[in-house]
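Presented below is the structure to which this report refers.
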Number of protein chains: 2
Amino acid sequence: MAGDEIVSRRPRAVTIKHVAAEAGVSLQTVSRVINDGPNVRDAIKQRVVAAIEKLGYVPSLAARRMGGTRSYLLLALNDRDRTIAGWQSGDGTDWVDQMLLGGMLKCAEHGYRMIFELVDTHSLHVERELTAALAALHPDGVILTPPHGDNPLITRLLASRHIPFARIGSDGQAPGFAIQMDDAKAAAAATEHLLLLGHRRIGFITGSRDYSLSVKRLVGYRSAMRGAGINTRDLVAEGDFTFESGVKGSEALLGLGEPVTAILASSDQMALAALNVARARGLEVPRDLSVVSFDDTPIVRFCAPPLTAIRQPIAPMTATAAELLIRAANGDEIEDGPHVLPFELIVRESTAAPPR
Amino acid sequence: MAGDEIVSRRPRAVTIKHVAAEAGVSLQTVSRVINDGPNVRDAIKQRVVAAIEKLGYVPSLAARRMGGTRSYLLLALNDRDRTIAGWQSGDGTDWVDQMLLGGMLKCAEHGYRMIFELVDTHSLHVERELTAALAALHPDGVILTPPHGDNPLITRLLASRHIPFARIGSDGQAPGFAIQMDDAKAAAAATEHLLLLGHRRIGFITGSRDYSLSVKRLVGYRSAMRGAGINTRDLVAEGDFTFESGVKGSEALLGLGEPVTAILASSDQMALAALNVARARGLEVPRDLSVVSFDDTPIVRFCAPPLTAIRQPIAPMTATAAELLIRAANGDEIEDGPHVLPFELIVRESTAAPPR
DNA sequence: TTGAAAGCGCTAACAC
DNA sequence: GTGTTAGCGCTTTCAA
């Protein structure tokens, strides 16, 4: 170990200086090459690139953030309570996974990282929590998932600080990039699928009021029903996406004087609940009752019977969010939204013609 | 907007300077308070804390990393191919979610963040990929999930750079903190559960050879069978955790001259495959065939019938990993491992006495 | 027990 | 086109 006294405690990594020395140019020139800046002759660029290759140089995010105006970080915000509850109960929802799939991979393409955080949308401290995360990380953009995109405390704070943000599954009439699927059209499509099978008593279980998309889905369902000349007065049950609320809603709809023959549920958990309630009442799905889910999560594919469902493009929406934010950080002009991504109606074995 | 010319383009956040000025002390004193350092009188500490509160100051991670020796970042590494394939196919595995649950929340307790990355364990570029992530982020520690913890290219690189790392589900005889459940004992427990029900022809489908825990599970199964005086010569099928390999393995085991009456599968996907193969052969579970899964993921709870399964403590293991790494970054002495966390055998409806 | 000075690795602004 | 300088917000080191 002779000579090792010279080795500093903090092992020095390859920095821009080493590259500059290796290529025989100034720091600034290396910086320009890294950032694809103008005013570098091709020959020099080659030399720098070669030096970077040779030394295996990768710039430090922290240093870039300190020197410059960007952090190469995107912050993805999810609702704390709902997310943790879902993880702990193992509810089988893959929202977060799909977000990672879309967001992480898109970030990686551009040298960005996506950092996941949980904040309490209902807490009085939302602003404090968010401020703290912003101060610690200085993200170049923030991705808001429902219901955060509909929370004015959050959107106003972000807007006032001029931090670009994207709202997934949230309305177009506000600051921030709106990225959505057409929830109304999706609900209408699901309803029409049931109408086409011959159903007329089609019940709808809504999502939580915190989510603007809950309303849009209800609107889509109502318009499809109205188009078929059916009154929906007694056919709507209020839910909040949870299994329990799905149980309540299903029982209400199946306990009507003239019970429903089909249930369109605004979440996978509520659809599963409908399945359970039906079974408890001796109803067979889809023979006696058709069920449609609004989430196409793994469990609705593996449950018995596999459920007909609307597939939300969560990964593509998150990828789009990341891309818009990165482009915004690059100073690009972004086309006006809302950015609407296509849904899919996936027909499986939980829907059939009504009994009789 | 008069006076706004003074506002810089880059909106200045609250920094340590502001806090120092507000409290009437030097930067250094504020830094000491933030870092819980020694040599600060209580009265002064109070003043600083009050100033921090008042201004809503939160230190910038990037600046702390630049100035000091730590980044307050932990890097969690997952296998790229397997993870992405799982996300895209919606296989219902909640490994990543459970890691986030355990890791993120533990990090948050200590002002740390966990950053998720995917690297290709089989690629020739593992080292390049990992080096790049290390250079960009300078994490204070790395969490390795299977099979990365068993990849010497990765562990050696980390060890040589003196970056603390934790290996989840990997063996104790190597550098890095080993965090595991007792895979052998778990396999034995599952086997004994089946033996107790009266089974003797118990088939086992192994996991991928890349994973050291695959071997340990096989060992546990074998020892339990040996204890019951049963020869396992024809009872072991090789799988790789995937559904397809589960189909193959199940078919082999059910196609034996004297077919198995129970299958212990090393993953949820393979257990599901066993269920499918059984159904295709007109076998009813658990009447004609018992099935035990080695993952307790949401789908094995929602499938029909819900599967008896070993529950791996993924969230607690990840939390432990994060905690050990953070303590290591704090310079604490860490007790010798391996750190073994308890598993659970959860009996559901897929296991019963053998036919006849 | 406190403060002052230096420097981390990079980018921005400007000079050449 | 290219290089020089200053400074980002902290921690470290050393002096007081």
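Lettering of chains follows the sequences in order, A, B, ..., and the numbering in each one begins at 1. Note that the coordinates shown come from a computational prediction; the quantities given were computed from them, not determined experimentally.
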Query raised in the report: Is there a donor in the side chain of A:Arg65 and an acceptor in the side chain of A:Tyr72, or the other way round, less than 3.5 Å apart?
Result: no
Report task. Map A:Pro59 and B:Val25 onto DNA chain C by nearest heavy atom, then report which one ends up closer to the 5' terminus. Result -> B:Val25
Query raised in the report: Considering only C:dC10, C:dT2, D:dC8, which nucleotide approaches the side chain of B:Asn39 most closely?
Result: C:dT2
Query raised in the report: D:dT11 phosphate, OP1 or OP2: any side-chain N/O from B:Ser31 under 4.0 angstrom?
Result: yes
Query raised in the report: Any luck finding a side-chain donor-acceptor pair between A:His339 and A:Thr320 under 3.5 Å?
Result: no
Query raised in the report: Side chains of B:Leu158 and B:Leu144: closer than 4.5 Å at any heavy-atom pair?
Result: yes
Query raised in the report: Checking only heavy atoms, does the side chain of A:Arg65 share a donor-acceptor pair with the base of C:dG9 at less than 3.5 Å?
Result: no
**Report entry** Contacting residues from residues 42-51 of chain B, given that a heavy atom lies under 4.0 angstrom of DNA chain D
**Finding:** none
Report summary line: Comparing nearest nucleotides in DNA chain C, the 5'-proximal residue of the pair B:Ala63, A:Arg64 is B:Ala63
Report task. Would you mind telling me which of D:dC10, D:dG1, C:dT2 lies closest to the side-chain atoms of B:Thr15? Result -> D:dC10
Query raised in the report: Does OP1 or OP2 of D:dT12 have a side-chain N or O of B:Thr69 closer than 4.0 Å?
Result: yes
Query raised in the report: Looking only at side-chain N and O atoms, does A:Ser26 come under 4.0 Å of OP1 or OP2 in D:dG3?
Result: yes
